[in-house]
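Reading through the structure tokens given below for one structure.
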Amino acid sequence: NTSLPAAYFDRMYAGDRDPWGFESRWYERRKYDVTLASLPHASYPRALEIGCSIGVFTAMLAPRCDELLAVDVSAAAVVAAQERLVGDPHVEVRQLAVPADWPDGRFDLIVLSEVGYYFDRPELDQLLQQIRDSLTADGAVVAVHWRHPVADYPLSGDDVHGRIAAVDGLETMD
């Protein structure tokens, strides 16, 4: 299996501004609340959210960050997230295709939520190495993934978390 291309996501957003129901589904709201509650610190000087989509979680995470960089591969998603976060000058939303496009600097928090399974193993491994290398000494990674199989996705959520656990320098908490 190969990583899903940007065109896959462009098609998803062309058909629906919120194709995964981030604004409306109870599952999403609960996931956001649990994710925020699981963060080990109350606030973070600099954070990175990979795969921010339309910025629903980004807007919830923003008050806990001095600086937040939110990235997505989809131009339509980035525009929607930028519109949602226009009043938050400490939040930057950019279109990046990670791991090929990787932001500069180090991060105290990196969020990898519901995106790891879009990559194939080699690209996910590259991404995880970049995440590890970009963390500050006491930085944290939060990874959240759907655990049921999805035919379109190269990996499962369990595959992603298994790869994370295998990275030297990243400790996991289940």
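All residue numbers in this chain count up from 1 along the given sequence.
Note that the CD atom of Q129 and the CG atom of L124 stand 10.0 Å from one another [nearest 0.5 Å]. Separating the CD1 atom in I50 from the CG atom in L112 is a distance of 5.5 Å, to the nearest 0.5 Å. Here C52 contributes atom SG and R94 contributes atom CZ; the two are 11.5 Å apart, rounded to the nearest 0.5 Å. Remark: T35 OG1 to L61 CG distance equals 9.5 Å, nearest 0.5 Å. Rounded to the nearest 0.5 angstrom, D120 CG and T2 OG1 are separated by 6.5 Å. One finds the CD atom of Q126 at 11.0 Å from the CD1 atom of I131 (value rounded to the nearest 0.5 Å).
Counting only heavy atoms from C-beta outward, the side chains of R106 and S134 never approach each other to under 4.5 Å. Between P103 and L48 the shortest side-chain heavy-atom distance falls below 4.5 Å. Side-chain contact between I164 and V141: absent, with no pair of heavy atoms (C-beta onward) separated by less than 4.5 Å. Contact annotation: the side chain of V79 approaches that of E83 to within less than 4.5 Å [non-hydrogen atoms, C-beta and beyond]. Side chains of L135 and I110 form a contact here, defined as non-hydrogen atoms less than 4.5 Å apart. Side-chain contact between L109 and V111 is present, with heavy atoms from C-beta onward closer than 4.5 Å. No side-chain heavy atom of S113 sits under 4.5 Å from any side-chain heavy atom of Y32. Looking at heavy atoms from C-beta onward, F22 lies out of side-chain contact with R25 at the 4.5 angstrom threshold.
Remark: the S53 side chain and the D72 side chain contain no N/O donor-acceptor pair separated by less than 3.5 Å.
Applying the ring-ring contact (aromatic ring centres under 6.0 Å, His included) rule to pairs touching residues 65-117 yields Y117-H145, Y117-Y153, sequence neighbours excluded. Screening residues 49-67 for salt bridge (charged side-chain N to carboxylate O under 4.0 Å, His left out), with sequence neighbours left out, gives R46-E67.
Residue D10 comes nearest to S74 through the heavy atom pair OD1-OG, 3.7 Å, listed as atom of the first residue, atom of the second, then distance. Heavy atoms only, all atoms of each residue included: L85 and A59 are closest at CD2-CA, 3.6 Å. Nearest heavy atoms, V73 versus A6: CG2-CB, 3.6 Å. The two residues P99 and Q130 come nearest to each other via the heavy atoms CB-OE1, 2.7 Å.
Salt bridge absent: D125 and R121 never bring a charged side-chain N and a carboxylate O closer than 4.0 Å. Ion pairing of E23 with R84 is present here, as a side-chain N (NZ or NE/NH1/NH2) and a carboxylate O approach within less than 4.0 Å.
Tested against V71 for a side-chain contact (heavy atoms from CB on, under 4.5 Å), the candidates V93, L96, V78 yield a single pass: L96.
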Working for side-chain contact (heavy atoms from CB on, under 4.5 Å), residues D152 and Y118:
CA-CA 9 Å; D152 287 352; Y118 298 137; over 6 Å; no
Should V144 and K31 be marked as a side-chain contact (heavy atoms from CB on, under 4.5 Å) after you check the CA-CA gap, both sets of side-chain angles, and the distance that decides it?
CA-CA 8 Å; V144 180; K31 177 185 70 182; 3.7 Å; yes
Let's go through D33 and M60 carefully: what are the C-alpha distance in whole Å and the side-chain angles of both, what is the deciding distance for side-chain contact (heavy atoms from CB on, under 4.5 Å) to 0.1 Å, and is it a yes or a no?
CA-CA 9 Å; D33 290 343; M60 297 171 74; 3.7 Å; yes
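For E92, there are no side-chain hydrogen bond (donor to acceptor under 3.5 Å, both in side chains) partners, not counting sequence neighbours.
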